[in-house]
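Data first, discussion second: the structure below is written as structure tokens.
Start at 1 with the first residue, then count along the sequence. All values below come from the heavy atoms of this structure, side chains included, with hydrogens, waters and symmetry mates left out.
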Amino acid sequence: MTQTAVTSETPRAGIAAFTNLSAAFAELYGTEPEGIWAAPGRVNLIGEYTDFNDGFVMPLALPHTAVAAVSRRTDGVLRLHSTDVPGGVVSLRVDELAPHSGHGWAAYPAGVLWALREAGHPVTGADIALTSTVPTGAGLSSSAALEVVTALALNDLFDLGLSPAELAVTGRRAENDFVGVPCGIMDQMASACCTEGHALHLDTRDLSLRQVPFDLAAQGLTLLVVDTRVKHALGDGAYAERRAGCEEGARLLGIPMLRDLPYAGLDAALTTLADAGADESVIRYVRHVVGDNRRVEQVIALLDAGDVRAAGPVLNEGHISLRDDLRVSCPELDLVVEAANAAGALGARMTGGGFGGSAVVLVEAAAADTVAKAVSEAFAAAGHAAPGIFDAVPSAGARRLH
């Protein structure tokens, strides 16, 4: 893709991008790290707000990674530093770590150590230096990347024997119980378990997964990520409100989770909710979640059949549902979808929690520059800051680099 169409640089990947991290670690802590680990951000192809409903999702790992240089400590001290955040080393006592105690960005890696110790694992402290190319605020799971890379490093250094899925669960507990964000499991599972060249078909109920081949280049296709670079205040608290609404819908329907409502029974269920006096928002949330579970299954079937292009309209349907039923889109995200489709994209939708962040656009590779340019021009015409646009290359999950 030409640089005139792509407004953000391709993310640097691998250990070559972090040649200075060992030196930074040594300068901070006075010794070389025992190792360097990486964990990626993710973009979700389809299946939004379904993971906390025990539903289906289909993320893929991005080349963007959080990288950690780490060494063990045996004195009960945790020291944390990020090259991306102003300020010095954050020093904490591991036996004094407590949920909802602040610490800003450091709460995410500190929460992982807390969660491991709460689970009975003998983690006695660490020195950690972090850096990341995962954009923050873009809906690409920068926090999950921090959690998973920390969990993987501590797992290796303390020989805990945890599986990738168990590392993901640890990261989710850190974010839910320590930081206080009621996220589902998708972000951490994607960071821990994705494989290069594949999308991850994940059942968030039992964490069973399937690596689905997703070689778009071989089919002459490109998946663009468009980072709107905006985050609207309206999103504050909206995630928790929608989660509560989904739980209320399941309660009124007498089912454990919305995952248990088949698509064939959706219309009757919506009538039942209306008759029961359910809030109009609850009815909309139920319609979205059940519909998006079905859309994940539709995309899986199309990928298995080798008909990736036909997934475009399913992405469009997903965006309409997120916009109209879940109501988590925003003008910038809607503009990405509108401009991309008008310029010839096969389909597009917002991805992530919404109210800003990013959208994905499925496009013929030959038209990727044209579509990216059209989106950028639409943003300029609307008076918005230029979006960041890059190819979503299905990449490897968490791993040790050195």
Side-chain angles (χ1 to χ4, degrees), residues 44 46-58 99-100 139 172-173 175-177 179-187 202-207 231-299 313-334 337-338 349-357 359:
N44 191 26
I46 194 74
E48 220 65 74
Y49 282 77
T50 53
D51 60 343
F52 59 73
N53 288 289
D54 281 1
F56 306 116
V57 293
M58 196 174 177
H100 315 298
R172 179 182 60 175
R173 185 173 186 198
E175 191 152 349
N176 288 175
D177 298 341
V179 181
V181 177
C183 67
I185 191 64
M186 172 180 66
D187 296 351
L202 174 66
D203 182 336
T204 64
R205 167 161 283 173
D206 61 8
L207 301 189
K231 182 68 175 178
H232 292 288
L234 183 62
D236 295 344
Y239 186 94
E241 188 274 331
R242 280 150 181 78
R243 180 166 188 161
C246 290
E247 292 169 353
E248 173 67 2
R251 185 190 68 79
L252 290 172
L253 292 169
I255 55 178
M257 301 291 282
L258 292 184
R259 150 69 176 277
D260 298 296
L261 176 58
Y263 184 77
L266 178 58
D267 288 343
L270 297 180
T271 300
T272 297
L273 289 171
D275 291 345
D279 188 88
E280 180 264 347
S281 64
V282 171
I283 294 172
R284 288 189 281 103
Y285 300 166
V286 171
R287 182 163 53 226
H288 166 75
V289 170
V290 177
D292 239 29
N293 276 330
R294 179 172 181 261
R295 283 183 280 273
V296 174
E297 294 175 329
Q298 288 177 309
V299 170
V314 184
L315 300 186
N316 288 334
E317 291 171 8
H319 183 77
I320 292 168
S321 180
L322 287 159
R323 183 192 68 196
D324 297 346
D325 280 341
L326 213 59
R327 298 187 182 176
V328 295
S329 190
C330 66
E332 294 88 350
L333 288 167
D334 294 340
V337 173
E338 177 185 347
R349 75 172 191 93
M350 60 150 282
T351 184
F355 303 103

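Side-chain contact between Cys246 and Phe52 is present, with at least one heavy-atom pair separated by less than 4.5 Å. Taking 4.5 Å as the limit, every side-chain heavy atom of Tyr285 sits out of range of all side-chain heavy atoms of Asp325. Within the 4.5 Å cutoff, side-chain heavy atoms of Arg205 are placed close to those of Asp260. Using a 4.5 Å heavy-atom cutoff, the side chains of Asp292 and Val57 are not in contact.
In this structure, the separation between OH on Tyr49 and CE on Met186 is 10.0 Å, given to the nearest 0.5 Å. To the nearest 0.5 Å, the span separating CD on Glu248 from CG on Asp279 amounts to 9.0 Å. Note that CG of Leu273 and CG of Leu252 are 6.0 Å apart. Values are rounded to the nearest 0.5 Å. With rounding to the nearest 0.5 angstrom, the CG atom of Leu326 is 8.0 Å from the CZ atom of Arg284. Asn293 contributes atom CG, which lies 10.5 Å from atom CD1 of Ile46 (distance to the nearest 0.5 angstrom). For the atom pair Leu333 CG and Met350 CE, the distance stands at 6.0 Å (nearest 0.5 Å).
What you find for Ala240 and Pro182 is that their closest heavy atoms are CB-CG, 4.1 Å. Of all heavy-atom pairs spanning Glu241 and Ser281, the tightest one is OE2-OG, 4.4 Å. Between Leu261 and Leu266 the shortest heavy-atom distance is CD2-CD1, 4.2 Å. Taking all atoms of both residues into account, the shortest heavy-atom contact from Ala238 to Phe355 is CB-CE1, 3.4 Å. Of all heavy-atom pairs spanning Ala250 and Leu258, the tightest one is N-CD2, 3.8 Å.
In this structure, Arg294 does not pair ionically with Glu297, as no charged nitrogen and carboxylate oxygen lie closer than 4.0 Å. In summary, Arg243 and Glu247 engage in a salt bridge, as defined by a charged side-chain N under 4.0 Å from a carboxylate O.
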Take Asn44 and Asp187, measure what side-chain contact (heavy atoms from CB on, under 4.5 Å) needs, and give me the verdict at the end.
-> CA-CA 9 Å; Asn44 191 26; Asp187 296 351; over 6 Å; no

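Side chains of Asp324 and His288: a donor-acceptor N/O pair is absent below 3.5 angstrom, by distance only.
The environment of Glu338 atom CD is sparse: at most 12 non-hydrogen atoms of other residues, nucleotides or ligands sit within 6.0 angstrom.
Across Asp51, Asn53, Thr50, Asp203, a single residue satisfies side-chain hydrogen bond (donor to acceptor under 3.5 Å, both in side chains) together with Arg259, and that is Asp203.
Within the 3.5 Å criterion, the main-chain N or O of Gly352 finds a donor-acceptor partner in the side chain of Glu48. Side-chain atoms of Ser321 never come within 3.5 Å of backbone atoms of Glu317 as a donor-acceptor pair (strictly under, hydrogens ignored). A donor-acceptor pair is defined here as one N or O able to donate and one able to accept, closer than 3.5 Å; such a pair exists between the side chain of Arg242 and the backbone of Arg327.
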